[in-house]
Amino acid sequence: MKVSLSWLRAIAPDIPDDVEAVADTLAARGAPVESIEPVAQGLDDIVVARVEAVEEHPNADRLRLCRVVAEPGEEPRQVVCGAPNVVAGGLYPFAPVGATLPGGMQIGEVKLRGERSRGMLCSAHELTLGPDESGLMTLPDGLEVGARLIDALGLADRRLDVEVTANRGDLLGHVGVAREASPGGQASLTFPAIPDSPGLDLDLVRGEREASASGATIRIEAPELCARYLGGVIRDVEVGPSPAWLQARLRSVGARPINNVVDATNYVMLETGQPLHAFDLATLADGTIVVRTPAADEERFVTLDGGERSLDPSMLLICDARAPVAIAGVMGGRDSEVTGTTTDVLLECALFDPASIRSTRRALDLSTDASYRFERGVDPEGMDTALRRACEIIRATAGGRVEPAVADCRPRPWSPETVELRVGRVSSVLGVPFTSERVTELLEPLGFGCDFVDDGSEVEAASDAEAVPEATARPESAATTDSEDPAGATLRVRVPGWRSYDVTREVDLIEEVARAHGYDAFPEELGAYRPGTVPDHPLFRLEDQVRDLLVAEGVLEAQTPAFVPAEGAEVRVLNPVSTEQDHLRRDLLPSLLGRVEHNWARGTRDVRLFEVGTSFRSGHEGEPPREEPRVAVALTGRRRPRHWSGDGACYDLWDVKALAGSLGGLVWPGGSVRPGAPDAPDLAAPEAFTLLDGEGETVGWAGRLRDDALDGPPWADPVFGVEVALPPVPAEREPVEYRPLPELPGVDRDLALVVPASLEAATLLDAIRAAAAPHLDRVSIFDQYTGEGVERGRRSLAFRLRFQSFERTLTDEDVDEAIRRVVETLERDFDVEPRG
Amino acid sequence: MSSQDDLIEELETLERDALARVEAAGGDEELEAVRIEMLGRREGRVSAVLRQLGSLPGEARPVVGAAANRVKEALQDALERRADELASTDEEETGRDLTMPGRPRWRGGRHPVQQVMDEIWEIFQGLGFTRARGPEADDEWYNFVALNTPLDHPAADEQDTLYLEEGGLLRSHTSPVQIRTMERHDPPVRIIAPGWVYRRDTYDATHTPVFLQVEGLVVDEGVTFVDFKATLAEFARRMWGPGTRIRLRPSFFPFTEPSAEVDVKRMITHTDGTRAESDWLEIMGAGMVDPAVLDNAGYDSERYTGFAFGMGPARIAMLKYGVPDLRLFFDSDVRFLEQFAGPGDHAGRPEGSGAGGGGR
């Protein structure tokens, strides 16, 4: 919401002429100011000038010679002008010789097609006052020739861009902002007097579903969507440009003046927050307004911006006796708008249902100043004033007669809400003591009326009460407060109409008290607290352990967005940010591989990344998607940074197998890593492993990535990956149980066997363990050899066996015997032979 | 028959001799000769000592056995070391240059945004909080309605929500975890809830459609606005240093009331040692839990009050590390991530991974 400091101060004169201070106050009240800017910049040299006469240019068809008076009483100077709209007697902005325009252009004395030109008449565009560059900016009559333009148009003003939260529709008008910015609050507010207006009394002619007055009939057929509709009539208006003061007000907040009727409605909306719409009464069939939803055959409607809109049955329309003339609260229609030939105007001042306007606005994707305000709620108590001020302004600027009788169709009469506020509750929620006097003192400047519940006094009845007095302030009726403050006191608080949307409960008032008291005024000493009942979720701890393990392995944690293309994914986003990435990922590894490619493309050969993230899969019928926490790792390039001693070896299958083993051991105790890829990953090269949990269920895979799974440069090394699910709720780990250390020496013995290449090491290890019992402590493979001395199709494996007994020192004979058993068994069961 | 002491002395003599010969060895053959003489299975002198164990009294056997094994291992180590030395004859001639870099390892590291999340967790852990979690694919009840945000209220628009084809939505904030936690646990509640959230924002320097958030929720009897302000002030001081101040500004969130934006002002030490305060930085949205939220979660809102807050670690990471663009956090450029991978290395930094292109 853009507000003018000058406008605010016209409403509340106690607001300081210090824009920074006003901005600070608003921020502390919850309406931070995003920017402050002068209403006009670089216009110091521009003055108001009158064109006395216009003559043809002797040497050019498009140019004309103007006699311009830019100082009172001076001889007219000659200015060459190409604008089509220059007329004798008109007032225009003028840049004399020596002036600088906002864009930095310097005006010098020039000759154009042989004719001297002393200065320049300006368009709105050249002065950065609007987009119009089709002709000169026409100034309203009555301005003083020679005056500085910024003074004449009231542009020496500051504009504040105020951020308004969704609950504060009341801040979408200057009156509401002034109420927060003013030290005195509500009591300081007055509506600025309207120039040339002696005041106006309207006579509301009420009806529940239908009301008629002054040749206009209002009928509401959808009372749940429109609580009230006022139709004011002004006859014999002369549509034309607005006077200077009105244009200046609109320009000061960046609005473009259009004509006196439309400008009046916009002015009142910007002042009060109540959107108004002006219809050309002559275009309304039977002078009738019908508020209803579309008939079956009403499917399309052309709004005044020329757009053809599709209607749906839930949308609220404003119609005449025959057809729609506006989309209620959103935008008027092209055929009923006020034009230069309009003489009779019907002014709509209505109260529409916020939710209905919101859904219509969304369906049409058409947000307007009006819909924005209706969605956030306009003041039901401010309607009469808004209509009256608009009528007054139109009468003062466009002439005509205001019909005093106004049709007021009111199917759901407004009644103000009262909310009970326990003063003790205020103190117990906010943590510092408040008295009812203090609460009253804080709430009343915001327009709330406070009264004790028990004293029997009636709450102010105020169905037609004006929120803000006009011209001269009327004394506020001070609410009675008891001097003694019983701890259990309860206040009955009357909520003003402009806050009726967001203040409906006691807690809403407690917030108002805190806000008015000032958040800064609360202390910040930390008090005692009780521990909570919620256990720390064990998955966080497991994720931390996974990170620790991988970081210790030298792997870098990546974070990648969950959005991926359709391929290999199951869960689709209906309204994606990017249509190419409209799915949620099922697997993490492809995202990491994309990041490997990204690094390759930047010349980085050694890439080691991991990510802890969520996998999404389709849910069962009617169920939400299944989420699975996972970790994935991608490794490529050298196993260690290059060192002068050599050893530039790259990651290989055994690195990734070991990594999968340690991850598996951490995440799925009791599980295992088995050769062979599970079905799922088509990324895996044939050399891959499956990770199993303790029950033998597949929980992940590891291995080399297929070369065609990535798009790499010629120098890229093989890529290895792991992807493992994490248990949604990890089990408690079994505590480590101490085993006594052997006191007797163990004996190592090496054994080399030549075995068929197809005989798996795991099988041999199992057989060795079985045969070498009971004294075998551990067995490992320390060498593998093929080549000379070993026939093709076979390999030599070297095992180291450690024997250990807790009872006695093992003798050579014990060990020899065990080795003999091993060799015998293996020779019997497999095609193996000891190597010489 | 040898006594325990004799055997141990014999072992020590063997070790001394053998080590001296290993050190003096000029080639692999000499080393192999020492190995066979000392450690050979049948003739080796250490093995011979071990064979005498049988003749020792029971209590002496482990002592001598352990000594013999230690000698064996020491000899094996010395043999290997000497073999390595002999292999690099260049050094032998020039002497060792100890200024040469040590053998480096890759430095791994947590993601910078995760590091900030870790810091936040450590602080709240110290303030008695635990961690809770909830699904990322959620529904309108948990994401909006239970949080006092009617779907037809403009507030539901402000976080432009992503909906899923199979129904439901991607949570637009971590606040649904508030409801889910209160549904399952009785008060007092004192949790933070870190997690990913999703919004229909296009990527730019300060927006991404998915980002980490951390929610906080405290509910108990007698929790006040002062507790709320004090807890966040304490968090800010622990996060940004003792001189840090916070400022609460009134704001609006449907699920808190009163609501506040929380700004912090840090103390900055300039390079010349002078200290100054930073500008106010907006770091979180927060407020007292709206009674409607407590009611929706089945708590008695007359009896219990609480506060809640939410912040984005990525934004804090931007401020903390001076990262100008959020998209850098998703790029996973190794050169970027390595900047956050722990302290430097005095013994020869690993070469940057970035320098390796084409070196095959």
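Protein chains get the first letters and strands the later ones, always in sequence-line order, with residue 1 at the start of each.
A distance of 11.5 Å separates CG in B:D227 from CG in A:L430, rounded to the nearest 0.5 Å. For the atom pair B:E221 CD and A:S428 OG, the distance stands at 11.5 Å (nearest 0.5 Å). Taken from OG1 in A:T614 to CD in B:E136, the straight-line distance is 3.5 Å, to the nearest 0.5 Å.
A salt bridge links B:R110 and A:D544; the closest N-O separation between the charged side-chain nitrogens and carboxylate oxygens is under 4.0 Å. Of the charged side-chain nitrogens involved, at least one lies within less than 4.0 Å of a carboxylate oxygen, so that A:R422 and B:E302 count as a salt-bridged pair. Between A:R505 and B:D290 there is a salt bridge, with a side-chain nitrogen of the basic residue lying less than 4.0 Å from a carboxylate oxygen of the acidic one. Look at B:E257 and A:R515 and you find no salt bridge, because none of the NZ, NE, NH1 or NH2 atoms lies under 4.0 Å from a carboxylate O.
Looking at A:V534, the atoms closer than 4.5 Å to chain B (heavy atoms on both sides) sit in the backbone and in the side chain alike. Looking at B:L151, the atoms closer than 4.5 Å to chain A (heavy atoms on both sides) all sit in the backbone: N, CA, C or O. Both the backbone and the side chain of A:R572 come within contact range of chain B, with heavy atoms under 4.5 Å apart. Heavy-atom distances place the side chain of A:F616, and not its backbone, under 4.5 Å from chain B. Contacts of B:F330 with chain A are made by both backbone and side-chain atoms, with heavy-atom separations under 4.5 Å. Contacts of B:T231 with chain A are made by both backbone and side-chain atoms, with heavy-atom separations under 4.5 Å. Looking at B:F129, there are no atoms closer than 4.5 Å to chain A (heavy atoms on both sides), in backbone or side chain. Proximity to chain A is absent for every atom of B:P112, based on heavy atoms less than 4.5 angstrom apart. Contacts between B:S301 and chain A at a heavy-atom distance below 4.5 Å involve the backbone alone (N, CA, C, O). Contacts between B:I191 and chain A at a heavy-atom distance below 4.5 Å involve the side chain alone, from C-beta outward. Only the side chain of B:Y203 comes within less than 4.5 Å of a heavy atom of chain A; its backbone N, CA, C and O stay farther away. In this structure, chain A has no heavy atom under 4.5 Å from any part of B:R327. Only the side chain of B:L212 comes within less than 4.5 Å of a heavy atom of chain A; its backbone N, CA, C and O stay farther away. The contact between B:T181 and chain A is made entirely by side chain atoms (from C-beta outward), counting heavy-atom distances below 4.5 Å.
Between A:F563 and B:L170, the shortest heavy-atom contact is CE2-CD1, 4.1 Å. Across A:T165 and B:F252, no two heavy atoms sit closer than the pair CB-CB, 3.5 Å.
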For this session: Verify salt bridge (charged side-chain N to carboxylate O under 4.0 Å, His left out) between A:E543 and B:R133, making sure each step is shown before the conclusion.
Result: CA-CA 13 Å; A:E543 287 173 343; B:R133 57 200 302 152; 3.1 Å; yes
Exercise. When you look at A:L556 and B:V334, which way does the side chain to side chain contact (heavy atoms under 4.5 Å, CB included) test go after all the steps?
Worked result: CA-CA 8 Å; A:L556 296 161; B:V334 164; 3.8 Å; yes
For this session: For the pair B:D333 and A:R595, evaluate salt bridge (charged side-chain N to carboxylate O under 4.0 Å, His left out) and give the outcome as yes or no after the intermediate values.
Result: CA-CA 8 Å; B:D333 190 313; A:R595 298 294 90 199; over 6 Å; no
For this session: Show your working on side chain to side chain contact (heavy atoms under 4.5 Å, CB included) between A:E557 and B:L337 and close with a plain yes or no.
Result: CA-CA 8 Å; A:E557 183 176 17; B:L337 296 175; over 6 Å; no
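Judged by distance alone, the side chain of B:W196 and the main-chain N or O of A:P561 form no donor-acceptor pair under 3.5 Å. Side chain of A:T533 to backbone of B:D186: a donor-acceptor contact under 3.5 angstrom is found.
Of the listed residues (A:R530, A:E627, A:R425, A:Q559), the greatest number of heavy-atom pairs within a distance under 4.5 Å of chain B belongs to A:Q559.
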